[in-house]
Enquirer: 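The structure's right below; bear with me while I get my questions together.
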Amino acid sequence: QVQLVESGGGLVQAGGSLRLSCLASGRTFSSYAMGWIRQAPGKEREFVAAISWSGANAYYADSVKGRFTISRDNAKNTLYLQMSSLKPEDTAVYYCAAPVADNPPTPIISHYDYWGQGTQVTVSS
């Protein structure tokens with residue numbers, strides 16, 4: 001079992017930056033690939049980024065590629081999402097999530113079994 005607690009959301013102007021964090025506990029953090037998924041009001045959840053257990057491989061949705069960076073610090077059991085050049089369409093609740101142990105990173109949302117509570121990101125124009 002994995003417990004995930006997010007922080008770092010808030011209000012930022014278009015073009016600005018924000019860094020989200022997700023602290024994991026319960027199982028060995030380094031054994032899990034991790035991902036970020038977001039949900040805008042009235043919309044379905046959307047894959048944002050994923051990273052392998054080692055941090056060597058990262059994958060991004062086309063909508064955020066070149067602007068967002070996913071990373072992890074296994075010594076701190078923490079997942080990060082550095083968001084830059086933010087746009088109003090990035091406004092959403094952002095969730096960190098983990099698939100079952102030993103699974104590779106994936107953009108398929110149904111493959112994620114553990115979820116944080118979500119943190120609100122609002123980008124104003």
Side-chain angles (χ1 to χ4, degrees):
Q1 186 179 26
V2 175
Q3 294 82 44
L4 305 171
V5 180
E6 302 180 22
S7 61
L11 176 65
V12 65
Q13 289 184 291
S17 299
L18 203 62
R19 188 195 199 194
L20 307 183
S21 300
C22 177
L23 178 64
S25 63
R27 296 190 67 178
T28 303
F29 177 73
S30 61
S31 69
Y32 286 87
M34 297 289 294
W36 288 96
I37 294 92
R38 67 187 182 186
Q39 187 170 29
K43 303 292 182 64
E44 294 184 348
R45 290 187 176 186
E46 176 189 22
F47 169 77
V48 176
I51 190 168
S52 63
W53 68 269
S54 68
N57 299 306
Y59 306 91
Y60 299 92
D62 288 342
S63 60
V64 306
K65 191 174 297 182
R67 300 188 297 119
F68 291 10
T69 301
I70 187 171
S71 62
R72 65 193 299 162
D73 186 337
N74 289 342
K76 297 180 178 179
N77 295 332
T78 303
L79 177 74
Y80 302 99
L81 185 68
Q82 178 66 50
M83 304 182 293
S84 300
S85 301
L86 283 162
K87 305 174 181 179
E89 51 262 45
D90 294 319
T91 295
V93 176
Y94 284 71
Y95 300 89
C96 63
V100 297
D102 299 323
N103 278 13
T106 177
I108 303 174
I109 294 172
S110 64
H111 287 188
Y112 290 90
D113 294 331
Y114 306 101
W115 296 79
Q117 81 286 355
T119 186
Q120 177 70 50
V121 173
T122 302
V123 184
S124 65
S125 60

Enquirer: Are V121 and W36 connected into the same hydrophobic cluster when the rule is that any two of I, L, V, M, F, W, Y join if their side-chain heavy atoms are below 4.5 Å apart?
Expert: yes
Enquirer: Rounded to the nearest 0.5 Å, how far apart are CG of N74 and OH of Y32?
Expert: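 Those atoms lie 13.0 Å apart.
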Enquirer: Please give me the minimum heavy-atom distance between C22 and L4, naming the atom from each residue.
Expert: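 The answer is SG-CB, 3.7 Å.
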Enquirer: Take L18 and L86 through the side-chain contact (heavy atoms from CB on, under 4.5 Å) test and state the conclusion after the steps.
Expert: CA-CA 8 Å; L18 203 62; L86 283 162; 4.0 Å; yes
Enquirer: Under a 3.5 Å distance rule, please check whether S17 uses its side chain to pair with a backbone N or O of S84 as donor and acceptor.
Expert: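 Checked: no pair found.
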Enquirer: Can you give me the closest heavy-atom contact between K76 and T78, atom names plus distance?
Expert: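 Looks like O-OG1, 2.8 Å.
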Enquirer: Using modelled atom types only, decide if a donor and an acceptor are shared between the side chain of R38 and the backbone of V93 within a distance under 3.5 Å.
Expert: no
Enquirer: Less than 4.5 Å apart, any side-chain heavy atom of V48 and any of I37?
Expert: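 They are not in contact (no side-chain heavy atoms under 4.5 Å apart), so the answer is no.
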Enquirer: Ignoring hydrogens, what is the shortest heavy-atom contact between A92 and A40? Give both atom names and the distance.
Expert: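 Nearest heavy atoms, A92 then A40: CB-N, 3.7 Å.
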Enquirer: Assess whether salt bridge (charged side-chain N to carboxylate O under 4.0 Å, His left out) is satisfied between K87 and D90, documenting all intermediate values.
Expert: CA-CA 5 Å; K87 305 174 181 179; D90 294 319; over 6 Å; no
Enquirer: Please step through side-chain contact (heavy atoms from CB on, under 4.5 Å) for the pair S124 and L11, ending with a clear verdict.
Expert: CA-CA 7 Å; S124 65; L11 176 65; 4.3 Å; yes
Enquirer: Check whether any side-chain N or O of S54 sits under 3.5 Å from a backbone N or O of S52 as a donor-acceptor pair, and report yes or no.
Expert: no
Enquirer: Find out whether L79 and I70 are in side-chain contact, i.e. whether some heavy atom of one side chain is under 4.5 Å from a heavy atom of the other.
Expert: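 Yes; the side chains approach each other to less than 4.5 Å.
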Enquirer: Please report the closest heavy-atom contact between Y59 and P105, naming both atoms and the distance.
Expert: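 Result for this residue pair: CE1-CG, 3.3 Å.
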Enquirer: Quick one: is the NZ or CZ of R45 closer than 6.0 Å to the six-membered ring centre of Y95, and within 45° of its axis?
Expert: yes
Enquirer: Does some side-chain heavy atom of T69 sit less than 4.5 Å from a side-chain heavy atom of L81?
Expert: no
Enquirer: Would you name the heavy atoms of M83 and L20 that are closest together and state the gap between them?
Expert: CE-CG, 3.8 Å
Enquirer: Locate the shortest heavy-atom distance separating A61 from F47; write the atom from each residue and the value.
Expert: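 Here A61 and F47 meet closest at CB-O, 3.4 Å.
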Enquirer: Is it the case that R19 places NZ or CZ above or below the six-membered ring of Y80, under 6.0 angstrom from the centre and within 45 degrees of the axis?
Expert: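 The answer is yes, since R19 meets both limits relative to Y80.
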Enquirer: Is there a donor-acceptor contact under 3.5 Å from the side chain of Q117 to the main chain of E6?
Expert: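 Side chain of Q117 to backbone of E6: a pair is present.
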Enquirer: Working to the nearest 0.5 Å, report the span between CD1 of I51 and OG of S71.
Expert: 6.0 Å
Enquirer: Could you tell me whether R72 sits above the aromatic face of W53, with NZ or CZ closer than 6.0 angstrom to the six-membered ring centre and within 45 degrees of the axis?
Expert: no
Enquirer: Between H111 and I109, is there a side-chain heavy-atom distance shorter than 4.5 Å?
Expert: no
Enquirer: Are P99 and Y114 side-chain neighbours, meaning at least one heavy-atom pair lies under 4.5 Å?
Expert: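 The answer is no; the side chains never approach within 4.5 Å.
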Enquirer: Can you tell me if T91 uses its side chain to pair, donor with acceptor, with the backbone of V123 under 3.5 Å?
Expert: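 Present.
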